[in-house]
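Since the structure comes first, as structure tokens, the remarks are kept for the end.
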Amino acid sequence: MGTVDNTFGAFLIGVVVSAMLYGVTCVQTWYYFSRYFSDPWHIKLLVGAIFLSDSIHQALITHTVYTYLVTDFDNIGNLEKIVWSLSIEVLFNGFTGFMVQSFLTMRVYQLSRKNVIATASVLSLVIAEFVVVIIYVAKAVKLTTFVQVPQIKSLSMCVNAVAAAGDILITVFLCTFLHQSRTGFHQSDTLINKLMLFSINTGLLTSVCAVMSLVSIIVWPDTFIYIAFYFCLGRLYCNSLLATLNVRKSIRRDPCDEHMSLSLHGARRPINSPIGLSQMRMPNDLSIRIDTTQGYIEDKFRSAKDLKSSHSV
């Protein structure tokens, strides 16, 4: 093991940062249930399950750091033993990630117009990560001291690698299919650009955290720095999902998007209706309703204004 600073010190820092992110989770969860009470029951159930899993994980890692730094403060021998909560917390972190990534996989499926290859490639990574997590926990609970931890080092690396790969692939697919959904109208394309940027930002946070945990376990294998990053991974997954759900009304209130609305109800685009009220199918029944008639008129007005300005010059 390394020094106290890069082992139990890293534990403490990871729990503190995770607790701060958990505070954000609580606020976002409250905001969701107070603003989106008309959402489908399965979305509410998903948010509730993720919040419960996130809360249990926070309680487990708090128990871990309290045991090492308070209960066993004057017992050096016990500091070498693995507290049960340190092994179990991985399961709840993995469960949170599994639910969030499954939600995003459904978004890929619906946005790609039920593309089986794209959906299967993402789903395989999501399932593989959760299976590895279960195997890791099954082996970790049998360990008694930190001297035995290198036995499951490869599994820990695999969990972080697959998590990062899944997040990156989901982000790439979402951005690709959103880009293909462009209509040519200024307002609808602006909204799609915002959704693409939002997908990149949310996917980037979880990917970077997983990569940092992977890099830490490779570069500093005798420390617990990688555990500090992993403590925060589940919190980032939870907040990324909540931010995705809570951002809908913020986009709708944007003055530039006054003819657009977001909802969690299914919508279909009428065939042979290039001008008029159209609705684009969005992931997880997340639809964008765009008044393309108004967008067409405003785009034409903008083009005419630009042309007049160029002639006057």
Side-chain angles (χ1 to χ4, degrees), residues 10-30 32 45-66 83-105 125-138 140-141 152 155-168 170-171 201-217 224-246:
F11 263 170
L12 179 60
I13 293 174
V15 172
V16 170
V17 175
S18 180
M20 294 171 61
L21 293 173
Y22 179 68
V24 179
T25 298
C26 292
V27 173
Q28 288 217 76
T29 302
W30 168 81
Y32 171 78
L45 181 62
L46 175 67
V47 173
I50 290 176
F51 179 72
L52 178 62
S53 177
D54 211 39
S55 299
I56 294 175
H57 179 265
Q58 183 62 41
L60 288 172
I61 62 176
T62 301
H63 173 270
T64 298
V65 75
Y66 185 88
V83 178
W84 64 270
S85 54
L86 181 60
S87 301
I88 300 300
E89 61 87 13
V90 178
L91 179 62
F92 288 94
N93 227 11
F95 185 59
T96 300
F98 175 73
M99 289 189 290
V100 173
Q101 288 185 323
S102 297
F103 171 82
L104 296 176
T105 300
L125 290 175
V126 173
I127 295 176
E129 179 188 352
F130 191 58
V131 170
V132 175
V133 166
I134 294 176
I135 296 174
Y136 177 93
V137 174
V141 294
I152 56 175
L155 288 174
S156 181
M157 295 172 59
C158 186
V159 168
N160 289 288
V162 177
D167 293 335
I168 293 173
I170 288 173
T171 302
N201 289 337
T202 53
L204 184 64
L205 287 174
T206 53
S207 299
V208 169
C209 188
V211 169
M212 290 303 298
S213 181
L214 176 62
V215 170
S216 299
I217 197 173
F224 298 155
I225 297 176
Y226 71 96
I227 298 179
F229 283 109
Y230 190 73
F231 279 172
C232 301
L233 186 58
R235 226 63 77 246
L236 292 176
Y237 273 124
C238 187
N239 278 294
S240 66
L241 172 67
L242 290 169
T244 300
L245 296 175
N246 290 337

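Below, each value reflects all heavy atoms present in this structure, side chains not excepted, and no hydrogens, waters or symmetry copies. Note that the structure is a prediction, hence the values are computed from the model and not measured.
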Atom [atom1] of [X] and atom [atom2] of [Y]: how far apart are they, to the nearest 0.5 Å?
| X | Y | atom1 | atom2 | result |
| --- | --- | --- | --- | --- |
| Met157 | Tyr226 | CE | OH | 11.0 Å |
| Ser207 | Ile168 | OG | CD1 | 4.5 Å |
| Trp30 | Asn246 | CH2 | CG | 10.5 Å |
| Leu241 | Thr29 | CG | OG1 | 9.0 Å |
| Phe92 | Ser85 | CZ | OG | 11.5 Å |

For a quick test of reading the model, state the closest non-hydrogen atom pair linking [X] to [Y] and the distance between them.
| X | Y | value |
| --- | --- | --- |
| Leu86 | Val90 | O-CG2, 4.0 Å |
| Cys232 | Leu21 | CB-CD1, 4.1 Å |
| Ser53 | Met99 | CB-CE, 4.3 Å |
| Ser156 | Ile217 | OG-CD1, 3.5 Å |
| Leu236 | Leu205 | CD1-O, 3.8 Å |
| Asn93 | Gly234 | OD1-CA, 2.9 Å |

Sequence neighbours left out, cut at 3.5 Å: what donor-acceptor pairs do the side chains of residues 11-18 make with other protein atoms?
| unit_1 | atom_1 | unit_2 | atom_2 | d |
| --- | --- | --- | --- | --- |
| Ser18 | OG | Gln58 | OE1 | 2.9 |
| Ser18 | OG | Arg235 | NE | 3.1 |
| Ser18 | OG | Arg235 | NH2 | 2.5 |

With a 4.5 Å limit on heavy-atom distance, are the side chains of [X] and [Y] in contact?
| X | Y | answer |
| --- | --- | --- |
| Leu233 | Ser213 | no |
| Phe51 | Tyr22 | yes |
| Ile152 | Ile135 | no |

Listing request: all salt bridge (charged side-chain N to carboxylate O under 4.0 Å, His left out) pairs with a residue in residues 85-102, at least two apart in sequence or in separate chains.
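Residue pairs passing salt bridge (charged side-chain N to carboxylate O under 4.0 Å, His left out), neighbours aside: none found.
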
Mind running side chain to side chain contact (heavy atoms under 4.5 Å, CB included) on Thr171 and Leu104 for me, showing each step along the way?
CA-CA 9 Å; Thr171 302; Leu104 296 176; over 6 Å; no

Under the rule for side-chain contact (heavy atoms from CB on, under 4.5 Å), what residues qualify as partners of [X], not counting sequence neighbours?
| X | answer |
| --- | --- |
| Ser87 | Ile82, Ala140, Val141 |
| Ala165 | Leu125 |
| Trp84 | Leu60, His63, Ile88 |
| Val126 | Phe98, Gln101, Ser102, Thr105, Val122 |

Counting distance only, does the side-chain N/O of Ser216 pair as donor-acceptor with the main-chain N or O of Ile225 below 3.5 Å?
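Judged by distance alone, no pair lies under 3.5 Å.
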
Test side chain to side chain contact (heavy atoms under 4.5 Å, CB included) on Leu245 and Phe103 and set out the steps.
CA-CA 11 Å; Leu245 296 175; Phe103 171 82; 4.1 Å; yes

With side chain to side chain donor-acceptor pair (under 3.5 Å) as the rule and sequence neighbours excluded, what pairs involving residues 125-134 come up?
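Qualifying pairs, neighbours excluded: none.
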
Quick one: side chain to side chain donor-acceptor pair (under 3.5 Å) partners of Tyr230, sequence neighbours excluded?
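If we apply the side chain to side chain donor-acceptor pair (under 3.5 Å) test to Tyr230, skipping adjacent residues, there are no hits.
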
Check side chain to side chain donor-acceptor pair (under 3.5 Å) between Asn239 and all other residues, then give those that pass, not counting sequence neighbours.
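Scan of Asn239 (side chain to side chain donor-acceptor pair (under 3.5 Å), adjacent residues dropped) gives Thr25, Gln28.
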
Residue from Leu91, Leu155, Val131 passing side chain to side chain contact (heavy atoms under 4.5 Å, CB included) with Tyr136
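Option passing the side chain to side chain contact (heavy atoms under 4.5 Å, CB included) with Tyr136: Leu155.
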
Using the side chain to side chain donor-acceptor pair (under 3.5 Å) definition, which of the options Asp54, Thr96, Asp167 pairs with Tyr237?
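Of the listed residues Asp54, Thr96, Asp167, the side chain to side chain donor-acceptor pair (under 3.5 Å) partner of Tyr237 is Asp167.
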
